[in-house]
Amino acid sequence: MNDHVRTRFAPAPSGSLHVGNVRTGLFSWLWARHNGGAFILRVEDTDASRVTEEAVHGVIESLRWLGIEWEEGPDVGGPHQPYRQSQRSLVYREQVDRLLTRGDAYPCYCTPEELEERRQLSLAQGRAPGYDGRCRNLTAEEREAFERQGRAAAIRFRMPDEEQSVHDLVKGEVRWAPGQLQDFVLMRSDGTPTFLLAVAVDDMLMGVTHVVRGDDLLTAAPRNARVIEALGGTPPAYAHVPQVNGPDGRPLSKRHGSTSIESFREQGFLPEALMNYLALLGWSKDERTTFLTKQELIGSFDLDRVSSNPAAFDVQKLEWMNNHYIQRLDDDDLAARCLHFLSEAGVLPDLSVLRRAMPLVKERMKRLTESVELLRFLFTDDVTPNEQAGELIARAPEGYLSTAADRLERVEPWSEEAIHRALDEVATAAGLNRTKGWQPIRAAVTGSNVSPPLPGSLELLGREATVARLRKAATRAG
RNA sequence: GCCCCCAUCGUCUAGCGGCCUAGGAUUUCGCCCUUUCAAGGCGGCGGCACGGGUUCGAAUCCCGUUGGGGGCACCA
């Protein structure tokens, strides 16, 4: 345990937070918690044009819902405020000035057009397309000349001309040959900081000890580290975790449909199930542990056991896990969660009945949204039979449903057991087994060929509605 | 084009030189249970990308090939 561990999650809230990003954030958070350290939420909005206020709120909402909390962030404040890069311009200006005076950074007067032109040329000649270092060693006179031309300078970092390496906690030792990592822009010519500057400065100033992020940022690590060192700080340890892929094995993106945390919530997934599933995407406790509570995850999470190869997101396994968690929720809790989806669908349940219906449906739902179709018949008299139900009703023996109605009308008491016996009597009298005998009744009462167990369902529905629906179907059956 | 990362059942993974005729989970298939649908139980199919090494011995180490991904922006 190391209570000095400080990690952060720094999403750029331009779009929605998808499960891949969050999986990475989850690892970062788990590492902080595992070490009894602190977790920071920071908004990476150096390119302010792409960020909306709703997006920032969305990020906060999604993380909260999942069960991730932070000690410092834009909403809760903290000793290193502000936590939005768009509000830290002065800080970046100050740090970039230090780099400038030390000669670790320099003004670059090349225009985007010139850079693009040279980039194309390099590519055509088979050389690296990056920055060629044109303004690296400008004399004072040359600078003045550019200034007189009215050129605005971007500020570039002077990358040491030597081999670069990072010791990554997941990838191991990674090296880049001298010249491979070119001088990059720290501050745009309009004075706004780039991601590369902001991240280095913030991680340093906020005392971040471990940077856990997607491995698409692996080449940013040596740049981040060199900037921090040039500023006199100690770079954090880096852990670059693989990206999460879609079911087709390609990186998760819009193309894969709704992959935002918000959409999983709307689809009826439990946050505890999603967290458990996500934690197992690229990490494992051992060879058999599948279910871990939040506390257990915190207790056993270790960057050492994070896999270095990308994982594909498998909804089916998530669904299976979701069902597992649903089954283990207590009835009040589950009912409260289903209520949201029922009312969303326009079904307004009697709360007491809803609660008592939970034992009947909990092992039948992969998603909470399924509670709507499973339980609708309990809360509405509109039970127009679906196609299969219609057939079941039509194929019922002559007078069968009326007989069932008659018999159920006399059931005493109106209990699951008594109803069960009555249903059997009706079926037996008609020479039918349970399957054949109960299905028409199920169809008539629930409007579907599939429903929760019949006796329990009828008990909850009540005698009156049950009998009425049977009679109505009987007339329709002719 | 150059650089970097990755490679075990369809999917998530265990495996860090002998315990592996490769284990678990999910998916799928079959059986059992059963009032429908599920859940549950039992069982089956299914994998070390390929080629070279190193070693008494390789899924495990090294090299190469192939494949996938990422980077080379005044995006993040």
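Throughout, a chain's letter reflects where its sequence line sits, starting with A, and its residues are numbered from 1.
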So which protein N/O to nucleotides 65-67 of chain B N/O distances come out below 3.5 Å?
none

Quick one: which of B/A76, B/A14, B/G24 gets closest to the side chain of A/R305?
B/A14

Taking only side-chain N and O atoms of A/S284, does any of them lie within less than 4.0 angstrom of OP1 or OP2 on B/A14?
yes

With respect to the side chain of A/S308, which nucleotide from B/C6, B/A76, B/A14 is positioned closest?
B/C6

Look at the side chain of A/V174 and decide which nucleotide, out of B/C74, B/C12, B/C5, has an atom nearest to it.
B/C5

Using OP1 and OP2 only, check whether a side-chain N or O of A/R119 sits under 4.0 Å from B/C74.
yes

ring-ring contact (aromatic ring centres under 6.0 Å, His included) with A/F301: which residues, sequence neighbours excluded?
A/F27, A/W283

With sequence neighbours left out, which residue pairs that include part of residues 414-448 of chain A fulfil the ring-ring contact (aromatic ring centres under 6.0 Å, His included) condition?
A/H420-A/W438

Any luck finding a side-chain donor-acceptor pair between A/D202 and A/Q85 under 3.5 Å?
yes

Measure from the side chain of A/W176, starting at C-beta and using heavy atoms only, and say which of B/C3, B/A14, B/A76 lies closest.
B/C3

Could I get the full list of ring-ring contact (aromatic ring centres under 6.0 Å, His included) partners for A/Y83, not counting sequence neighbours?
none

Which atom pairs link the protein and nucleotides 68-70 of chain B when you take only N or O atoms and keep those under 3.5 Å?
| residue | atom | partner | partner atom | Å |
| --- | --- | --- | --- | --- |
| B/G69 | OP1 | A/R250 | NH1 | 3.2 |
| B/G69 | OP1 | A/R250 | NH2 | 2.1 |

Indicate for each nucleotide in nucleotides 36-46 of chain B, in 5' to 3' sequence, whether protein heavy atoms under 4.0 Å reach the base (B), only the sugar-phosphate (S), or nothing (-).
BBBS-------

